[in-house]
Protein chains: 2
Amino acid sequence: MRDFSRAEKALKAEGLRITRPRLVVYDYLLDNKTHPTCDQIYHSIVNDYPHISFSSVYNVTEKLSNSGLILKLVSPCGEMHYDSTNCFHGHFYCLKCSCVLDLDLPDVKSFYKPISGSTTTSITISAEGICPMCSKNEQVN
Amino acid sequence: MRDFSRAEKALKAEGLRITRPRLVVYDYLLDNKTHPTCDQIYHSIVNDYPHISFSSVYNVTEKLSNSGLILKLVSPCGEMHYDSTNCFHGHFYCLKCSCVLDLDLPDVKSFYKPISGSTTTSITISAEGICPMCSKNEQVN
DNA sequence: TGGGTAAATTATAATCATTCTAAATAAGCA
DNA sequence: TGCTTATTTAGAATGATTATAATTTACCCA
């Protein structure tokens, strides 16, 4: 049995009920910085927790992202990915292998000017291209 | 009959065949800077061009965005929008009415540092929030 | 100008990620 | 421990997008 204390503490701090699907999904995200989709999360945890359902993974990621514990990212092809890091950074999406990598970026506030009369809740910076690993493989072939 | 000369010229310049669906869809995008989805494009043009099919709208937007004539945008909820403007700018997505507005932004190159070994094909900056019109309506209610 | 060929269009079916539904289960409080 | 309500679950439904295969069209060239 894994140690879910960190996940449990965070859920409690947000006033969320402690349930097994939430612990398992959130702990997986805390441990894996690969920005998985719901499908990938499901297949990664279903061995250790055979009774989990797709619905639960969708429910849990929705709940956690609404609470601000995790980030919901949308890839250039419209797939939803989840990220347990909540400090600001950008994302790089590989067009070949669909991996998602973190980008270090300066504070956005320095150049972002909101549209007059609008309210901004989040800013996203992302890049598309070929990741280092795929670039390397291309040269070989 | 509309004047499709601008659309026709652009298609020719890209070496693309001049077809009615392409002229109609591209001309619509040139005239409407509302960043519509394929569904919205279809419903906007079907009256003037009753025989157009959903497939054609999808095919045409795909072809035009691959050629660089139009931009394919993904909204925070994963919907695909299309934009005939091809100079760099950001986008603001309203969480209430789902409208998409243009954002003026400085040149990204000033702060973007690509991941070592990667190739970047495009950079995207977007913001989420409540647009000016929805903000105004909220205050009234 | 007309015929040939490859490309594009069309209508329809299929796909697939996500959401919905309703019944069963479990969390957390008294 | 029992109660109430939120959560989970399995399966069905949805809906945007993609695939298929037949028809039509664009455009090159004689």
Side-chain angles (χ1 to χ4, degrees), chain A residues 4 7-28 35-46 48-67 69-70 72-82 93 98 100, chain B residues 4 7-26 28 35-46 48-67 69-70 72-82 98 100:
Chain A
F4 292 135
E8 191 172 342
K9 203 175 286 182
L11 289 171
K12 275 210 179 101
E14 285 296 320
L16 298 174
R17 285 198 179 178
I18 312 302
T19 69
R20 189 128 300 254
R22 287 180 184 173
L23 290 172
V24 173
V25 169
Y26 189 34
D27 181 72
Y28 177 78
H35 315 84
T37 62
C38 281
D39 189 80
Q40 290 165 340
I41 296 171
Y42 174 81
H43 285 105
S44 301
I45 65 182
V46 73
D48 291 338
Y49 184 32
H51 290 294
I52 196 147
S53 67
F54 263 111
S55 302
S56 295
V57 176
Y58 279 99
N59 289 340
V60 169
T61 50
E62 182 68 14
K63 194 82 177 179
L64 295 181
S65 65
N66 285 343
S67 307
L69 287 178
I70 65 174
K72 187 177 188 169
L73 314 173
V74 53
S75 82
C77 63
E79 276 181 329
M80 292 303 174
H81 294 251
Y82 295 90
Y93 299 88
S98 300
V100 183
Chain B
F4 293 135
E8 189 171 341
K9 202 175 288 183
L11 289 171
K12 275 212 179 102
E14 285 297 319
L16 297 174
R17 285 198 180 180
I18 313 302
T19 69
R20 190 127 302 252
R22 288 180 183 173
L23 290 174
V24 173
V25 169
Y26 188 36
Y28 177 78
H35 314 84
T37 61
C38 281
D39 188 79
Q40 291 165 341
I41 296 171
Y42 174 81
H43 285 106
S44 302
I45 64 182
V46 74
D48 291 337
Y49 185 33
H51 289 296
I52 196 147
S53 67
F54 264 110
S55 301
S56 294
V57 177
Y58 279 99
N59 288 340
V60 169
T61 51
E62 181 68 14
K63 195 81 179 181
L64 295 181
S65 65
N66 285 342
S67 308
L69 286 179
I70 65 174
K72 186 177 190 169
L73 314 173
V74 53
S75 82
C77 63
E79 274 179 330
M80 292 304 174
H81 294 251
Y82 294 89
S98 300
V100 184

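The structure displayed is predicted, hence computed values, not measured ones. Convention: sequence-line order gives letters A, B, ...; per-chain numbering from 1.
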Peer 1: Between atom CG of N66(B) and atom CD of E14(B), what is the distance when rounded to the nearest 0.5 Å?
Peer 2: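 Reported value, rounded in 0.5 Å steps: 11.0 Å.
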Peer 1: Grab the CD-P distance between E79(B) and dT19(C) for me, whole Å please.
Peer 2: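 Computing the E79(B):CD to dT19(C):P distance gives 12 Å.
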Peer 1: Could you tell me how far apart Q40(A) (CD) and dT18(C) (C1') are, to the nearest whole angstrom?
Peer 2: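 Whole-Å distance recorded here is 15 Å.
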Peer 1: If you take all heavy atoms of P36(A) and I41(A), which pair is closest and at what distance?
Peer 2: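 Heavy-atom minimum between the residues: CG-CG1, 3.6 Å.
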Peer 1: Starting at CD1 of I18(B), measure out to NZ of K9(B) and round the result to the nearest 0.5 Å.
Peer 2: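 Between I18(B) CD1 and K9(B) NZ, I get 12.0 Å after rounding to 0.5 Å.
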Peer 1: With E8(A), which residues qualify under side-chain hydrogen bond (donor to acceptor under 3.5 Å, both in side chains), at least two apart?
Peer 2: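 So E8(A) forms a side-chain hydrogen bond (donor to acceptor under 3.5 Å, both in side chains) with K12(A).
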Peer 1: Within the sub-3.5 Å range, which N or O atoms of nucleotides 24-30 of chain C have a protein N or O partner, and how far apart are they?
Peer 2:
from	atom 1	to	atom 2	distance (Å)
dA27(C)	N3	R17(A)	NH1	3.4
dG28(C)	OP1	I18(A)	N	2.8

Peer 1: L16(B) and S67(B): which non-hydrogen atoms are nearest, and at how many Å?
Peer 2: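 Shortest heavy-atom separation between L16(B) and S67(B) comes out as CD1-OG, 3.6 Å.
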Peer 1: Can you name the residues that form a side-chain hydrogen bond (donor to acceptor under 3.5 Å, both in side chains) with S44(B), not counting sequence neighbours?
Peer 2: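 Applying side-chain hydrogen bond (donor to acceptor under 3.5 Å, both in side chains) to S44(B) gives Y28(B).
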Peer 1: At the 4.0 Å heavy-atom cut-off to chain A, mark where contacts on DNA chain D begin and end, going 5' to 3'.
Peer 2: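 Both ends considered, the range comes out as dT5(D) to dG11(D).
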Peer 1: Apply side chain to side chain contact (heavy atoms under 4.5 Å, CB included) to V100(B) and list each qualifying residue two or more places apart in sequence or on a separate chain.
Peer 2: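 Here the qualifying residues are H35(B), L73(B), H81(B), H91(B), Y93(B).
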Peer 1: Over the length of the helix from dT1(C)-dA30(D) to dA30(C)-dT1(D), how much do the five-pair end axes diverge, rounded to 10 degrees?
Peer 2: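 So the angle between the two local helix axes works out to 40°.
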Peer 1: Could you give the distance from CG (D27(A)) to OH (Y49(A)), rounded to the nearest 0.5 Å?
Peer 2: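 Here the interatomic distance stands at 13.5 Å.
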Peer 1: Provide the full list of salt bridge (Lys or Arg N to Asp or Glu O under 4.0 Å) pairs with a residue in residues 52-61 of chain A, sequence neighbours left out, each pair given once.
Peer 2: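 Every candidate salt bridge (Lys or Arg N to Asp or Glu O under 4.0 Å) pair involving residues 52-61 of chain A fails, so no pair, neighbours aside, qualifies.
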Peer 1: Quick one: side-chain hydrogen bond (donor to acceptor under 3.5 Å, both in side chains) partners of D39(A), sequence neighbours excluded?
Peer 2: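 Per chain and number, D39(A) pairs via side-chain hydrogen bond (donor to acceptor under 3.5 Å, both in side chains) with H43(A).
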Peer 1: Which whole-number value in Å describes the distance from Y42(A) OH to dC16(C) P?
Peer 2: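 Rounded to whole Å, this separation is 17 Å.
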Peer 1: What residues from residues 51-60 of chain A pass a heavy-atom cutoff of under 4.0 Å to DNA chain C?
Peer 2: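 Heavy-atom contacts with DNA chain C come from S55(A), Y58(A).
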Peer 1: Does the side-chain contact (heavy atoms from CB on, under 4.5 Å) test come out yes or no for D48(B) and V24(B), once each step is laid out?
Peer 2: CA-CA 9 Å; D48(B) 291 337; V24(B) 173; over 6 Å; no
Peer 1: Sequence neighbours left out, cut at 3.5 Å: what donor-acceptor pairs do the side chains of residues 56-65 of chain A make with other protein atoms?
Peer 2:
from	atom 1	to	atom 2	distance (Å)
S56(A)	OG	S53(A)	OG	3.1
N59(A)	ND2	S55(A)	O	3.3
T61(A)	OG1	V57(A)	O	2.9
T61(A)	OG1	Y58(A)	O	3.0
E62(A)	OE1	K72(A)	NZ	3.2
S65(A)	OG	T61(A)	O	3.0
S65(A)	OG	E62(A)	O	3.1

Peer 1: For E62(B) and for K63(A), find the nucleotide of DNA chain D with the closest heavy atom, then tell me which residue's nucleotide is more 5'.
Peer 2: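 Looking at the nearest nucleotide for each, K63(A) comes out on the 5' side.
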Peer 1: Using every non-hydrogen atom in the two residues, find where Y82(B) and I70(B) come nearest and quote the distance to one decimal.
Peer 2: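 Answer, listing the atom of Y82(B) first, then I70(B): CD2-CD1, 3.7 Å.
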